[in-house]
Amino acid sequence: MKTDTAQAVYLKDYCAPDYLISTVHLDVKLAPAATHVTSTLTIQPNGNIGKNYRPLILDGEEIKLDSLCLNGEVLGSDDYIVDENSLIIATVPQEEFTVEIKTTCNPAANTALSGLYRSSKTYCTQCEAEGFRRITYFPDRPDVLAVFTVRIEGSTVETPVLLSNGNPVESGKLNANRHFAIWHDPHPKPSYLFALVAGNLGVVSDHFTTQSGGDIELKIFVEPGNEDRCDYAMGALKRSMKWDEERFAREYDLDIFMIVAVSDFNMGAMENKGLNIFNDKFILARPDTATDADYANIESIIAHEYFHNWTGNRITCRDWFQLCLKEGLTVFRDQEFSADMRSRTVERIADVKRLRAQQFPEDAGPLAHPVQPESYIEINNFYTATVYEKGAELVRMLLTLLGPDTFRKAMDLYFLRHDGEAATVEDFIRVMEDAGGIDLTQFRIWYQQAGTPELTVNGRYDRHRRTYTLAVSQHCAPSPGQLRKHPYHIPLRIGLVDKCGEDMKLELDGKPAGDDLVLNIREHEHRFCFTNVAHRPYASILRSFSAPVKLTTNATRSDLLFLMQHDSDLFNRWECAQTYATRLLTDATVSGELNEVKSAVFGQALGKLFDDETLEPAFIAQMLTLPGESDLAREMINNVDPSAIYRSRLGLRKNIAANLKENFRHILKTVRLSGAYSPDAIDAGKRSLRNSALGFLAVLEDTSTLDLLKQQYMNADNMTDVMAVLSILTQTDLPLRDELLDDFYSRWKHDHLVVDKWLMLNALAPFEATVGHVAGLMNHPAFSLKNLNKVRALIGTFASANPVAFNHPSGAGYDLVSDTILKLDKINPQVAARLTGVFKSWRALESGRRDKSQLALQRLVDSENLSRDTLEIAVKSLD
Ligand code: PHE
Ligand code: ZN
């Protein structure tokens, strides 16, 4: 195997660092092709060295060493070794000493966007996970925490704004149109949290007063001209700061908090201490340019990065195997924040949908790995849905097991015990055990075993004994390197619903057990006997999705229809609708025929929801959303034909549209928005219900609906309603589709974020001809392989959200994507590797497509000079 040449890193090999760094003084003289960096380090041997003398080994990559001094004396070339990845000084003092390193790097040539690079004319950095070594030689590992002082020098014309972490100390003019700024960050931090930004940037300022009365300056920096798109982000930041004080008693700890938005970024955003850097699509929003979904994303990503200040920065990770310690926990925190800002149920549905769409396929395929992996080849490949989304679910289960009050006490203890440390997952679990007084030995398996457990729950009512028995069993299929699995500790939240739709008072083996119960599943098989049950109940299982499992129950269709209307757990009402539709659609896909009667019954059940005034519009809109094509493909397990799935799903949409047409028209007449556009959850929910109704009507393709679509496009005062029309039309081949898409492009071609939306719309058309169209668009002036947001919008969307076209039976879709990966790999390996992940479910396809996708992957593996990043993903995918 080719990856044999790349070294894997193992968790079991962790060793504490040989040397610690107390202070770093960085002096950075900016110039596009040759930025000079002087780094002065104060270094101490870590603990007692004894006889085993250890050299000082610093990481470095793509930088040129200009000079090196130890305790003020210049070192000659015999005193050290430099190679491609390190700088080694064989002999260093065994008490505190200083090293001064001068290096040069080339930000203009840095297309990998790791280290110091340029986005347009702005200098910026990305150091997580291992980018700091591309700026200077350093022990680039998260368990080396140092206090940083940074002096930046640059042109007053090109870089009037000079930023780094911490608080501003001093700034001033120099000769020849140059100036400098000095920043000091008093909080010791690992190098991956270092950041520097310099450029000609506009700024929006505000203030936040902390609980204890501290006044914090808030600043958002953007390209000049975008200042009018920062209001929402600023509001979201202030809400995040307040929420973390109220919910977790966490206050901000510097005088200033800054966010910079750039248009070239490998990921969504980065939590550098005091200086978050964002992909600008997660900052910039104005009603006419951003959709409700964009606003929701901005709010949650701002919160996520801000929350990292405590979970990630104040308490950081000992090594990259602990990544979920900061990411899972911080995703959990941002989910809770969004739930509090918006609707808890709708947020939970969105989170579970994301988990199923992104994490379940990962866990079921060749790239499956534990939330805490045991080894990696390229750490950048482990910023995955498993670490983030499943990681968040594990924290949520701990909340369920401990209960809200004890969980909060445990979090307090976590902050108290580990503040200032580079901690481990084990530390976190131990805190939960200590504060919760429970034994989590078995729970730890969630962190160590890959794969999604399958939970089977069968209920049986005995009318003579008036008992209801739940037989629960768990099983987890093998995953790469893990053939046999231990049983998990699964918190299973359940309720029994009576025939009036009320939760029954539960009695377990004769003992009262409340009405909403968490069962601890620990064995392969369990049996729970509820006593004194007056009649056959409707079992509401896995309420609010209390564990990240695949659930199978013996609920009948009529049970599902009943619970869809009556379950007090709104999440499960949605889940029952999904289950009903999934059964209907998988049957239809296998048999080639949709059961019209069962479809009509389902439609009627949905229709009844419109009369329930207690339900939020956003929730009803979720109820109306059928499981996606990929959700269905996952249920089919193998021999998947994406086109057949698409046809059955469209068939059901048509059936529902025909049956509920009057209801949908009624929604459009009665669900109204008044006043100016507001992105708040209530208005957004109304828009989503209206647009969902419009989408159903559109599949009937009658002229009155086409008029409605056109009118909405012409008259909308916000991007949500415009995008809704275009997304609906993208699903059709009506002439109106091209007419409006052309109009949209000519209106917005000057706006890079809206152009991304146009590319996405083009990539989404569910027709086989889309392959050729997308290939053609790669030569369109709107596209550039060098801008990752463009690549993600066009190729990423095509490959991950358009199963019909990507899985073109000829294999043309696979070839288009693998060609793009090869080109992109030369520019940006991290992003090329991420794109390679779209092939992860290839084995589940029917044989024709399976062979062709395998060939496309093989072509990647066989190509010359593939990056380690992409090679790891491609090789593992084929295994
Ligand atoms: N740590 C970032 C986050 O989760 C993600 C990230 C990882 C960004 C690596 C860039 C590089 O918020
Ligand atoms: Zn994060």
Side-chain angles (χ1 to χ4, degrees), residues 110 112-117 119 124-135 140-142 165 189-197 233 236-237 240 244 259-283 297-317 319-338 351 354 358-359 371 373 376 378-392 394-395 788-789 792 828-834 837 869:
N110 182 354
L113 313 192
S114 165
L116 177 67
Y117 67 96
S119 174
C124 62
T125 55
Q126 173 54 45
C127 294
E128 189 177 4
E130 299 179 334
F132 192 70
R133 63 187 65 185
R134 294 161 64 93
I135 299 173
D140 194 12
R141 45 187 286 168
N165 319 85
K189 65 167 176 291
S191 50
Y192 84 87
L193 291 172
F194 167 81
L196 176 157
V197 172
L237 173 60
S240 307
D244 215 11
I259 290 176
V260 182
V262 296
S263 51
D264 299 275
F265 202 72
N266 280 349
M267 308 272 275
M270 178 64 209
E271 70 265 23
N272 318 299
K273 183 79 186 189
L275 179 56
N276 289 184
I277 300 180
F278 273 63
N279 189 326
D280 60 359
K281 76 177 204 183
F282 296 123
I283 293 293
N297 275 331
I298 289 170
E299 182 172 60
S300 93
I301 297 176
I302 293 254
H304 180 97
E305 305 312 330
Y306 175 74
F307 296 156
H308 268 314
N309 190 54
W310 276 94
T311 49
N313 301 4
R314 288 288 289 250
I315 304 180
T316 195
C317 299
D319 55 75
W320 295 119
F321 294 103
Q322 320 299 328
L323 186 56
C324 71
L325 176 69
K326 76 177 177 81
E327 295 304 348
L329 180 54
T330 305
V331 170
F332 165 79
R333 275 153 51 71
D334 84 53
Q335 290 176 347
E336 283 295 291
F337 167 75
S338 293
D351 294 341
R354 188 177 317 110
Q358 298 174 7
Q359 200 277 327
V371 171
Y376 58 76
E378 173 52 62
I379 183 55
N380 289 310
N381 288 333
F382 283 81
Y383 288 77
T384 60
T386 297
V387 171
Y388 277 66
E389 313 298 330
K390 188 174 180 180
L394 305 197
V395 178
L788 303 174
N789 283 354
R792 286 182 281 240
N828 190 315
Q830 271 183 47
V831 178
R834 193 161 280 270
D869 306 57

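Bear in mind that the values here come from a model prediction, so they are computed numbers and not experimental data. For ligands, and for the atoms within them, numbers begin at 1 and follow the listed sequence.
Residues meeting the side chain to side chain contact (heavy atoms under 4.5 Å, CB included) test with Ser338, sequence neighbours left out: Ser300, Glu347.
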At less than 3.5 Å, what protein N or O atoms come close to the N or O atoms of ligand 1? Include the distances to 0.1 Å.
from     : atom 1 : to     : atom 2 : distance (Å)
ligand 1 : 1 (N)  : Glu128 : OE1    : 2.6
ligand 1 : 1 (N)  : Glu271 : OE1    : 2.8
ligand 1 : 1 (N)  : Glu327 : OE2    : 3.1
ligand 1 : 4 (O)  : His304 : NE2    : 3.3
ligand 1 : 4 (O)  : Glu327 : OE1    : 3.0
ligand 1 : 4 (O)  : Glu327 : OE2    : 3.1
ligand 1 : 4 (O)  : Tyr388 : OH     : 2.7
ligand 1 : 12 (O) : Glu271 : OE1    : 3.4
ligand 1 : 12 (O) : His304 : NE2    : 3.4
ligand 1 : 12 (O) : Glu305 : OE1    : 2.8
ligand 1 : 12 (O) : Glu305 : OE2    : 2.7

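Looking only at atom types and distance, the side chain of Gln126 has no donor-acceptor partner in the side chain of Ser114 under 3.5 Å away. Asn279 and Asn789 share a side-chain donor-acceptor pair at under 3.5 Å. Judged purely by distance below 3.5 Å, without hydrogens or angles, the side chains of Asn266 and Gln830 pair a donor atom with an acceptor atom. Between the side chains of Glu128 and Tyr383, a donor-acceptor pair is found at a separation under 3.5 Å.
Contact annotation: Glu327 places an N, O or S atom under 2.8 Å from the Zn ion (ligand 2).
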* Could you go step by step and tell me if Tyr376 and Phe321 meet the ring pair (Phe, Tyr, Trp, His ring centres under 6.0 Å) rule? -> CA-CA 9 Å; Tyr376 58 76; Phe321 294 103; 4.9 Å; yes
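As for His308, its N/O/S atom nearest the Zn ion (ligand 2) is the one called NE2.
Checked by atom type and distance alone, the side chain of Asn381 pairs as donor or acceptor with a backbone atom of Asp869 at under 3.5 Å.
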